[in-house]
Structure formats: structure tokens, C-alpha cells
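Remember, it's 1-based here, ligands and their atoms both numbered in the order they're listed.
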Amino acid sequence: MTIGLDWKRSGDYEDIVYETVEGIAKITINRPERHNAFRPTTLFELRDAFNVAQEDPEVGVIIFTGAGDKAFCSGGDQKIRGDDGYVDDKTHGIGRLNVLDLQVQIRRCPKPVIAMVAGYAIGGGHVLHVCCDLTIAADNAKFGQTGPKVGSFDGGYGSWLLAETVGLKRAREIWYLCRQYDAETALQWGLVNAVVPLERLEEETVQWARELLDKSPLALRMLKGALNAVTDGAAGMQQFAGDATLLYYMSEEAQEGRDAFKEKRTPDFSKFPRRP
Ligand code: S0N
């Protein structure tokens, strides 16, 4: 499944692997013995790794995946689920539902995030791929929700972003019936962008990443913000407005205001057009 790229590993993580090559960051959940189910520690580390990738000016695209070819992620680790969320040695005995923070972080990351899915993307793991910008699936991928079977549900992105992606009727079917869907069905439903043989999964995903790296990073940033803003309401508009301010800061017109303040003079905006 891996191709001959010289991935450089960094970070001191227990549950995940962080690697970079040629402007691409790859973040891998590394708990194959539990089909890459996440526990609070996994999510703390994922949040850190996504932050590292976002802050690294060399990184233009993030690939999010799971170790091995059996699962992308099987959701919350049911074996450490307590009575008020998930508990491990990093949670001070308090149950956590901290996958929600990661979902928001993926949405707000201004760089494209590609889910690279081999095997199961199930439960909270399915929601994570839905939150990613693009999904490339191996031909062995299986998709589905399990909430009503195992006593959980995701009424946030897991519900309405899924409905936006595949339509309301199909989102209801996926959640209510807890069936599993193969990669071809997911492709037909618009749940994934491409399906490739398992042995070509990383090669294809890296190819998509390289194509993204050839594009204007600011245009991609604005498009991601625009496409998310409709679903994310005020929070999405706040991010999009922040990006508009960033673009304005980069203009001579805004810089005239800054320079005039620093030079203790009246700003001269007369040379800037009053655009129709
Ligand atoms: C994926 C399934 C269908 C694969 O079946 P298969 O191929 O028969 O393999 P298994 O033998 O079942 O699995 C192999 C080993 O992996 C362990 N394992 C698999 N999944 C999990 C898991 N989620 N947690 C812990 N362990 C897991 C198996 O137990 C087995 O190991 P051994 O043999 O040692 O026991 C099948 O495995 C399956 O159905 N898995 C469970 C899928 C599931 O129900 N996931 C949880 C769904 N719920 C969530 O994700 C919570 C939602 C959520 O995160 C959330 C939403 C909104 C707000 C907050 C939250 C939050 O919780 O934070």
C-alpha cells in the first residue's frame, strides 16, 4: 500500500504517526489492533498533529488515514467507553467526547484534508472522513454508522454534513439501519471522490495531493471557507470574513492606513478606486 516516497517522521506520539514529504503531511491513526478506534489520547495527539501541519508553511495538503489495510477508523474505542464519554489515563477520570473538537479543526483547517480510506470507516470514524475535504477509497473500503446499534449518535456534522453530502433520505438510511456500504456504492452516492485498487491507494492519494499543491493556496483556502460557510453558519462566516480581512491586509489600500498611522500623517486613500 505504501509507495516509494521518503516520508520523514516527526513528533513524539503514542497513538498516531506524523510524516511529511514534498509539501504533504500524512497523519495516521496507529491502533490497528482496534481497527484504529480512537481514545481520548488519540484525539489529543491528532489535534496536535493537525495543528503542526496547519502551522507548517511547507505543508500544503494533509492526508488523514489509518494504519494497515483493515480500517481507516472504527470510531470511538468502545472498550474504554465509560458512563460519561471515553476515559483513559489522560482524562483524569472524566469522560471525554473530544472527537468533536477534531471534526471542527479539520473543517477550519485552511489547507485541504484528504481522507485516505482502506477498510472500515465506521461510526465516529465515518464522520471523520465526511468532515474531510476529499475522500479517496480503496476497493476494500466499507462505510457506515453504528450509533443506534451501540448506543450513540452524532447529531452534529455526523448528521447534517452527511445529509448535505448524500441527501436526507440516504443519510437517514445510513443512520437508522446501521448497514455497511461498499466503496462502489459510496462512489455512486457522492460519499467518496474516487475508488482505486487497495495497492494503488497511496499512489492515487498522493497524486491528488500533488495536483492540489500545484494550485493557488489562497484560492483553495477561500474555496474551502466558502463551501463550508453555508453549513457552518455564523462560525463559517466568521472564518470566511477573517480570510477576507487577510486579503485586505495584503492590499496597498490597507497598507496605506497602517503606514499613515505609523508615520503620524493623514491617510491618503484618493489613489484607490471606488469600485463599482
Ligand atoms: C468495524 C467492524 C464492523 C469490523 O468487524 P470485523 O472485521 O469482524 O472485526 P472485529 O473482530 O470486530 O474487530 C477487530 C478488533 O478490533 C476491535 N475493535 C473494532 N472496532 C472497535 C471499536 N470501535 N472500539 C474498540 N475496539 C474495536 C475488535 O473488538 C477486535 O478486537 P478483539 O478481537 O481484541 O476484541 C466491527 O469491529 C465493529 O462493528 N466495530 C465497532 C464499530 C462502532 O460501533 N464504533 C463506535 C461507534 N460510535 C462512535 O464512534 C462514537 C461516536 C462519537 O465518536 C461521537 C459522536 C458525537 C459526539 C461525540 C462522540 C464521541 O464519542 O466522542
State whether any protein heavy atom lies less than 4.0 Å from [atom].
{"atom": "atom 36 (C) of ligand 1", "result": "no"}
{"atom": "atom 40 (N) of ligand 1", "result": "no"}
{"atom": "atom 44 (O) of ligand 1", "result": "yes"}
{"atom": "atom 7 (O) of ligand 1", "result": "yes"}
{"atom": "atom 13 (O) of ligand 1", "result": "yes"}

For ligand 1, the portion of [X] having any non-hydrogen atom under 4.0 Å away:
{"X": "D154", "result": "both"}
{"X": "F153", "result": "backbone"}
{"X": "V150", "result": "side chain"}
{"X": "R96", "result": "neither"}
{"X": "S152", "result": "side chain"}
{"X": "L100", "result": "side chain"}

Show which atoms of ligand 1 fall inside a sub-4.0 Å distance from at least one heavy-atom site of [X].
{"X": "A37", "result": "22 (C), 23 (N), 24 (N)"}
{"X": "G75", "result": "50 (O)"}
{"X": "Y86", "result": "49 (C), 51 (C), 61 (C), 62 (O), 63 (O)"}
{"X": "F38", "result": "54 (O)"}

If you measure every N/O of [X] against every N/O of ligand 1, is any gap under 3.5 Å?
{"X": "G123", "answer": "no"}
{"X": "G124", "answer": "yes"}
{"X": "Q78", "answer": "yes"}
{"X": "H35", "answer": "yes"}
{"X": "T146", "answer": "yes"}

D214, CG atom: more than 12 neighbouring heavy atoms under 6.0 Å: yes
Are [X] and [Y] ion-paired here, with the side-chain N under 4.0 Å from a carboxylate O?
{"X": "E22", "Y": "R210", "result": "yes"}
{"X": "D182", "Y": "K142", "result": "no"}
{"X": "R31", "Y": "D77", "result": "yes"}
{"X": "K26", "Y": "E202", "result": "yes"}

Donor on one side chain, acceptor on other, E164 and W160, under 3.5 Å: no
side-chain contact (heavy atoms from CB on, under 4.5 Å) assessment of L161 paired with C131: CA-CA 8 Å; L161 188 55; C131 288; 4.3 Å; yes
